[in-house]
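This report concerns only the one structure given below.
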Amino acid sequence: MNTHTATPTILWDCHMHSQFSADSHTPTEDMIRQAATLGLKGICFTEHLDPDYPPTPDNLEFSLDLPAYYQKLMERKETYRNQIEIHFGIEIGLQLHLGEYFHDLLGKYPFDFVIGSSHLVHGADPYYPEFFQNRSEQRAYMEYFESILENLSAFDEMDTYGHLDYIVRYGPDQNRFYSYGRYQDILDEILKKLIEKNVGLEVNTGGYHYGLGEPNPCTAIIRRYKQLGGEIITIGADAHTPDKIGYAFDRAAQVLTECGFEYYTVFKERKPEFIKL
């Protein structure tokens with residue numbers, strides 16, 4: 001019998017970008033004001049840092065002016081302290097050779113929260129259609145998951161793993177032929193590795209606004225993470241514009257409760273706080 005009578009809610013968005021990320025032009029203040037308007041209790045900015053990102057067709061460079069970002073966020077944290085809690089985070093783009101670099105970086109700034117994400121597969125981003133040329137979609141997805149395992153062997157000091165099946169957003173058929181079961185062996189290996197290393201799993205609602213009808217990762221992966229003993233679940237909409245803040249959080253909360261979770265996780269000063277849904 002389900003005794004959970006209250007509607008589950010998520011009042012923290014812990015994955016968002018602003019003007020400090022290469023792929024967003026939104027003023028930081030606009031993101032904060034919208035989050036406060038929505039009634040969120042808190043947010044965490046997680047600006048992109050992808051060192052050694054290859055040249056792109058749209059000339060994006062995923063570097064990050066950390067001193068300017070940190071200063072701006074500390075100022076805004078003070079300005080809006082009576083309206084909304086603001087945390088200082090980062091989303092680092094994992095690659096095999098960057099372990100030592102990220103280890104040193106995380107010791108230099110007082111981050112609240114660190115997302116580790118795989119955006120590149122052996123130097124190429126599946127965001128761009130060229131990635132899928134000369135390989136089947138299934139092979140491309142498998143190579144992406146293989147690269148996650150490689151990245152986890154090189155670096156595991158993040159707090160959560162971002163949008164684990166990110167590649168599915170951009171595949172030629174997206175998730176039409178994709179399922180947890182099709183890649184179960186390698187996905188289980190990834191989930192077990194995350195649990196072993198005490199790295200959380202992010203539920204990223206960006207999948208909904210990409211038309212997948214699912215978060216990233218999909219519900220079956222979230223359920224499997226719980227079955228394997230995973231407890232650290234972080235939530236983020238991956239918003240780059242104010243209209244995507246808190247996107248489909250009602251659906252994400254329902255997914256989490258259906259998968260057996262009673263709490264989600266917010267990090268402050270790199271320590272997890274478990275908040276009831």
Name the atoms and distances for all side-chain donor-acceptor pairs under 3.5 Å in residues 83-93, with sequence neighbours left out.
{"residue": "Glu85", "atom": "OE2", "partner": "His87", "partner atom": "NE2", "Å": "2.9"}
{"residue": "His87", "atom": "ND1", "partner": "Phe267", "partner atom": "O", "Å": "3.0"}
{"residue": "Glu91", "atom": "OE1", "partner": "His15", "partner atom": "NE2", "Å": "3.0"}
{"residue": "Glu91", "atom": "OE1", "partner": "His17", "partner atom": "NE2", "Å": "3.2"}
{"residue": "Glu91", "atom": "OE1", "partner": "His48", "partner atom": "ND1", "Å": "3.4"}
{"residue": "Glu91", "atom": "OE2", "partner": "Ser117", "partner atom": "OG", "Å": "2.7"}
{"residue": "Glu91", "atom": "OE2", "partner": "His119", "partner atom": "NE2", "Å": "3.1"}
{"residue": "Glu91", "atom": "OE2", "partner": "His163", "partner atom": "NE2", "Å": "3.3"}

Just how far is it from atom SG of Cys14 to atom CD1 of Ile115, taken to the nearest 0.5 Å?
-> 8.0 Å
Search all heavy atoms of Pro51 against all heavy atoms of Phe102 and return the closest pair with its distance.
-> CD-CZ, 3.7 Å
Side-chain heavy atoms of Leu98 within contact of Leu94, under 4.5 Å = no
For Asp156, check side-chain hydrogen bond (donor to acceptor under 3.5 Å, both in side chains) against everything at least two apart and list the hits.
-> Lys197
Hey, could you give me the CG/CG distance between Asp13 and Leu38, rounded to the nearest 0.5 Å?
-> 9.0 Å
Examine distances only and state if a side-chain atom of Glu137 and a backbone atom of Asp173 form a donor-acceptor pair shorter than 3.5 Å.
-> yes
Is it the case that more than 12 heavy atoms not belonging to Asn198 sit under 6.0 Å from its CG atom?
-> no
Which residues share a salt bridge (charged side-chain N to carboxylate O under 4.0 Å, His left out) with Arg176, sequence neighbours left out | none
When rounded to the nearest 0.5 angstrom, what is the spacing between NE2 in His25 and CG in Asp30?
-> 13.5 Å
Can you tell me if CD on Glu29 sees more than 12 non-hydrogen neighbours from other groups inside 6.0 Å?
-> yes
Quick one: closest heavy-atom pair of Ser147 and Leu120, and the distance?
-> OG-O, 4.2 Å
Exam field: side chain Asn175 to backbone Leu212, donor-acceptor pair closer than 3.5 Å = yes
Check the hydrophobic clustering (I, L, V, M, F, W, Y; side-chain heavy atoms under 4.5 Å; chains of links allowed) and say if Leu96 and Ile186 are grouped together.
-> no
Common cluster, Val121/Tyr128, ILVMFWY with side-chain heavy-atom separation under 4.5 Å | yes
Counting distance only, does the side-chain N/O of Gln174 pair as donor-acceptor with the main-chain N or O of Arg169 below 3.5 Å?
-> yes
Side-chain H-bond candidate by donor/acceptor type, Tyr178 with Asp165, under 3.5 Å = yes
Counterpart residues, salt bridge (charged side-chain N to carboxylate O under 4.0 Å, His left out), relative to Lys226 (two or more places apart) | Glu231
Separation between CD (Gln19) and CZ (Phe45), nearest 0.5 Å, reads 9.0 Å
Do His97 side-chain atoms and Gln95 backbone N/O form a donor-acceptor pair below 3.5 Å?
-> no
Between Phe113 and Thr234, is any pair of side-chain heavy atoms under 4.5 Å apart?
-> yes
Answer yes or no: is there a side-chain heavy-atom contact under 4.5 Å between Asp238 and Tyr210?
-> no
Give me the one residue out of Arg76, Lys72, Glu47 that meets side chain to side chain donor-acceptor pair (under 3.5 Å) with Ser18.
-> Glu47
Candidate pair Tyr225 and Phe261, rule side chain to side chain contact (heavy atoms under 4.5 Å, CB included), full reasoning = CA-CA 10 Å; Tyr225 174 70; Phe261 288 93; 3.8 Å; yes
Could Glu78 and Arg81 be called an ion pair, given the rule that one side-chain N must be under 4.0 Å from one carboxylate O?
-> yes
May I ask you to check whether over 12 heavy atoms, not counting those of Asn134, lie within 6.0 Å of atom CG?
-> no
Would you please name every residue forming a salt bridge (charged side-chain N to carboxylate O under 4.0 Å, His left out) with Glu157, sequence neighbours left out?
-> none
Passes side-chain hydrogen bond (donor to acceptor under 3.5 Å, both in side chains), Tyr166 versus Asp125? Steps please.
-> CA-CA 10 Å; Tyr166 158 90; Asp125 191 336; 3.0 Å; yes
One should read off an interatomic distance between Ile232 CD1 and Leu194 CG, to the nearest 0.5 angstrom, of 10.0 Å
Taking the side chain as every heavy atom from C-beta outward, state whether Gln71 and Glu75 have any pair of such atoms under 4.5 Å apart.
-> yes
Which of Tyr127, Phe132, Tyr144 passes ring pair (Phe, Tyr, Trp, His ring centres under 6.0 Å) with Tyr170? Answer is Tyr127
Can you find a pair of side-chain heavy atoms, one from Ser118 and one from Tyr161, that are under 4.5 Å apart?
-> yes
Would one find more than 12 heavy atoms of other residues, nucleotides or ligands at under 6.0 Å from atom NE2 of His122?
-> yes
Sequence neighbours left out, what passes side-chain contact (heavy atoms from CB on, under 4.5 Å) with Gln227? Give chain and number order.
-> Arg223, Arg224
Look at the side chain of Asn204 and the backbone N and O of Asn216, then say whether any donor-acceptor pair between them is shorter than 3.5 Å.
-> no
Is the backbone N or O of Phe274 less than 3.5 Å from a side-chain atom of Thr265, with the two atoms forming a donor-acceptor pair by type?
-> no
Do Phe62 and Tyr53 make the cut of ring centroids closer than 6.0 angstrom?
-> yes
Are the charged groups of Asp159 and Arg270 less than 4.0 angstrom apart, N to O?
-> yes
Kindly say whether Thr219 contributes a backbone atom to a donor-acceptor pair with the side chain of Glu214 at under 3.5 angstrom?
-> yes
Would you say the side chain of Leu105 lies within less than 4.5 Å of the side chain of Leu66, judging by non-hydrogen atoms?
-> yes
Can you tell if the side chain of Met31 reaches within under 4.5 Å of the side chain of Ile43, non-hydrogen atoms only?
-> no
Phe177 with Tyr180, same ILVMFWY side-chain cluster at under 4.5 Å = no
State plainly whether one hydrophobic cluster holds both Leu149 and Phe145, where clusters connect Ile, Leu, Val, Met, Phe, Trp and Tyr through side-chain heavy atoms under 4.5 angstrom apart.
-> yes
Crowded around Lys77 NZ? As in, over 12 foreign heavy atoms under 6.0 Å?
-> yes
Apply side chain to side chain contact (heavy atoms under 4.5 Å, CB included) to the pair Tyr264 and Val203, showing each step before the final yes or no.
-> CA-CA 10 Å; Tyr264 66 101; Val203 173; over 6 Å; no
Leu277/Ile10 under side chain to side chain contact (heavy atoms under 4.5 Å, CB included): CA gap, chis, key distance, verdict = CA-CA 6 Å; Leu277 285 161; Ile10 297 166; 3.9 Å; yes
Taking it one step at a time, do Met142 and Glu146 satisfy side chain to side chain contact (heavy atoms under 4.5 Å, CB included)?
-> CA-CA 6 Å; Met142 181 61 78; Glu146 289 169 351; 3.5 Å; yes
Is there a side-chain contact between Asp250 and Gln254 (heavy atoms, below 4.5 Å)?
-> no
All heavy atoms of Phe249 vs all of Trp12, minimum pair found to be CE2-O, 3.3 Å
For Thr160 and Glu202, indicate whether the former's side chain and the latter's backbone hold a donor-acceptor pair under 3.5 Å.
-> yes
Please check if the side chain of Thr205 supplies one atom and the backbone of Tyr208 the other of a donor-acceptor pair under 3.5 Å.
-> no
